[in-house]
Amino acid sequence: MEKNIKYFKLLSEKYPTVSSLSREIINLSAILNLPKGTEHFMSDLHGEFEAFYHIINNCSGVVREKIDMLFSDSLSSDERNEICMFIYYPVEKLNQLKKRGANTENWYKTAINRLILIAKTLSSKYTRSKVRKALPADYAYIIDEFLHAQKDEDNNQVRYHREILNTIIEIDPDGFLIALAQLVKRLAVDRLHIVGDIFDRGESAEKIVELLMTCHSLDIEWGNHDILWMGAAAGSNACIANVVRNAIKYNTVKTLENGYGISLRNLALYAEKTYSGKTPMDAALKAIEVIQFKLEGHVILRHPEYEMNDRLLLDKINLEKSTVVSEGVEYKLNDVEFPTLVMGDCYTLDEEESFIIDDLRSSFLNSATMQKHAAFLYEKGCLYKRFNGNLLYHGCVPLDENGNLEEISLFGEPCSGRKFFDLAEEKARRAFLSGQRDKDDTDFLWYLWCGRKSPLCGRNIKTFERAFISDESAWSEEKNPYYSYYTTRETCEMILREFGLGGSASHIVNGHTPIKTGKGELPIKADGKLLVIDGGFCKAYHKTTGIAGYTLIFNSHGLRIKAHEPFETVTKAIEQNIDIVSSSEIIETENHRVMVRDTDNGAEIQEEIADLKQLLRYYNDGILMPE
């Protein structure tokens, strides 16, 4: 059925003439036949800012590949390294050159011409309009002239551009080169997908968020560590206690204190006088752990539907025997100093503990940077995303023991699969964005962090056991059956169908579980239908994974995954021209090059073209009158 004529009357205001309408149809049709833009997928950054910053600057090795392709026959390896590092860190490299006196007029001319050639190569898959939008504002006109320079019979263009180049070198060569370096990186990656866990073990998660806020095209699929910080920003006491505990345990207090202006001084003073015989940091950790377990008890008791009563362990402690009962087994405690624990009323905070958590909550709610970053994560983030035929999520799709979608009763009625994700995301958004900060909603953010059936967690986290029981047999954490079935093609195809996807071009892109590359585990599973891209950016996981992160790359030629070697420091990279070494493995090569018409954006463009053609028919038939 045709759309309402009122819609076409409104559309005719934008395209009032046949010529303007025809021109737009031609333009859009041409766009459909361009190659699709390059997408990069990364996950589990875990606060490792320097490594992530370098990989963003080198575009996961894509910049180096283009430079090798263009200059391998004409420049040495050292010369190509110099170009790469200049593109990654133009300001710092210019300072180096000036100290050596190497920034001569001839050097500037050569560098500008090389960067223009690289930018021209990368821009070839985009429309001129899209490239113009990507140009740095201060130099847009000049760069556009260089990118689209053409030879003519009398070399007029050559002379014209030579004069422009001479003027640039005379007036502002540094600014122009920096702008070109920015453009090269902007054109190399059309879309960045972060498949969860910006936060955790690394020291500078807040710097990663600030960097992501500058990205031109981005989406984030929330990880369990992200949702924990979002819950803290929303005012969940249980989430706040977990964030503080993790920061102390993993020595990332700098993120809280320097990055977000949240002081732990009152906690430290309280812990020092409450827990004798411990170092200040050990005392602070013990204090916040006890507060955390009490607060988590409040949440669990408020929500029997979470089915997490097995996590209520404070009331299972026997101080006389120095034991605790976990899942029906009695274990010896390695620490029996619990001065604030009142047997028979284990989950009530005493006056000082209440002051500590109220003080921390006030700090989280009043941290402008914290609130800004949480708002950004909500704006760009989601529990799952369907993009160009692929399904992206961080954790798992809960399955039952038979490998079917598990029915979960958290919202008053059983739900599973995509419906569960949609309802969970709605509740998670309401917790922060409603302005009311309803306790039921903020409690749910804590559940998403650690709940057994949470799509972001997928396992029964045993924080208490790991803290207070030395017997490692108590540490075993039951995983959702998803992790037993997700290696089979049948399961992955079932999940893709549940989310409205399918066919040979569809894949699941998953994070959360580090791939043990050193032990022979592969990130490509289920005959290529599922790609687990947690390669261990975090230094703490390097021994486990054997590498230091993955980038999945999806361009018009197909899919490939790049494994990154460990990175030292940005300073060393700049001083010694040391890049991250990345090995590439092809996952799929398309039989036919993927064009814009084959993408989600292409589908929207085709729908727009159909509307424009209908408006043209109305003009031709006299139903609507053009100007």
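As the structure is a prediction and not an experimental result, all values here were calculated from the model. We use all heavy atoms of the structure for the numbers below, so side chains are in, but hydrogens, waters and symmetry mates are not. Counting begins at 1 with the first residue of the sequence.
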Open item on the list: Tell me every residue that passes ring-ring contact (aromatic ring centres under 6.0 Å, His included) with F420, counting only those two or more places apart in sequence or in another chain.
Closed with: none
Task: salt bridge (charged side-chain N to carboxylate O under 4.0 Å, His left out) pairs, two or more places apart, involving residues 182-199 - done: K130-D190, R191-D219
Task: Pairwise salt bridge (charged side-chain N to carboxylate O under 4.0 Å, His left out) hits with a residue in residues 372-395, at least two apart - done: E210-K372
- [ ] Not counting sequence neighbours, which residues clear side-chain hydrogen bond (donor to acceptor under 3.5 Å, both in side chains) with N237? List them please.
- [x] none
Open item on the list: I'd like to check the side-chain hydrogen bond (donor to acceptor under 3.5 Å, both in side chains) partners of D443; sequence neighbours left out, ordered by chain and number.
Closed with: R302, H303
Task: Residues forming a ring-ring contact (aromatic ring centres under 6.0 Å, His included) with F293, sequence neighbours excluded - done: F464
TODO: Could you list all the salt bridge (charged side-chain N to carboxylate O under 4.0 Å, His left out) pairs where at least one residue sits in residues 238-248, not counting sequence neighbours?
DONE: R245-E289
Task: Contacts of Y275 that satisfy side-chain hydrogen bond (donor to acceptor under 3.5 Å, both in side chains) - sequence neighbours left out - done: none
Open item on the list: According to ring-ring contact (aromatic ring centres under 6.0 Å, His included), who are the partners of W222, at least two apart in sequence or on a separate chain?
Closed with: Y378
Task: Residues which pass side-chain hydrogen bond (donor to acceptor under 3.5 Å, both in side chains) with R80, listed by chain and number, not counting sequence neighbours - done: D68
TODO: Mind checking ring-ring contact (aromatic ring centres under 6.0 Å, His included) for H373 and listing every partner two or more places apart, or none if nothing turns up?
DONE: Y260
Kindly list each side-chain donor-acceptor pair under 3.5 angstrom involving residues 277-288, sequence neighbours excluded, with atom names and distances?
unit_1: K278; atom_1: NZ; unit_2: D335; atom_2: OD2; d: 3.2
unit_1: T279; atom_1: OG1; unit_2: D282; atom_2: N; d: 3.2
unit_1: T279; atom_1: OG1; unit_2: D282; atom_2: OD2; d: 3.1
unit_1: K286; atom_1: NZ; unit_2: D335; atom_2: OD1; d: 3.3
unit_1: K286; atom_1: NZ; unit_2: D335; atom_2: OD2; d: 3.0
unit_1: K286; atom_1: NZ; unit_2: E337; atom_2: O; d: 2.5

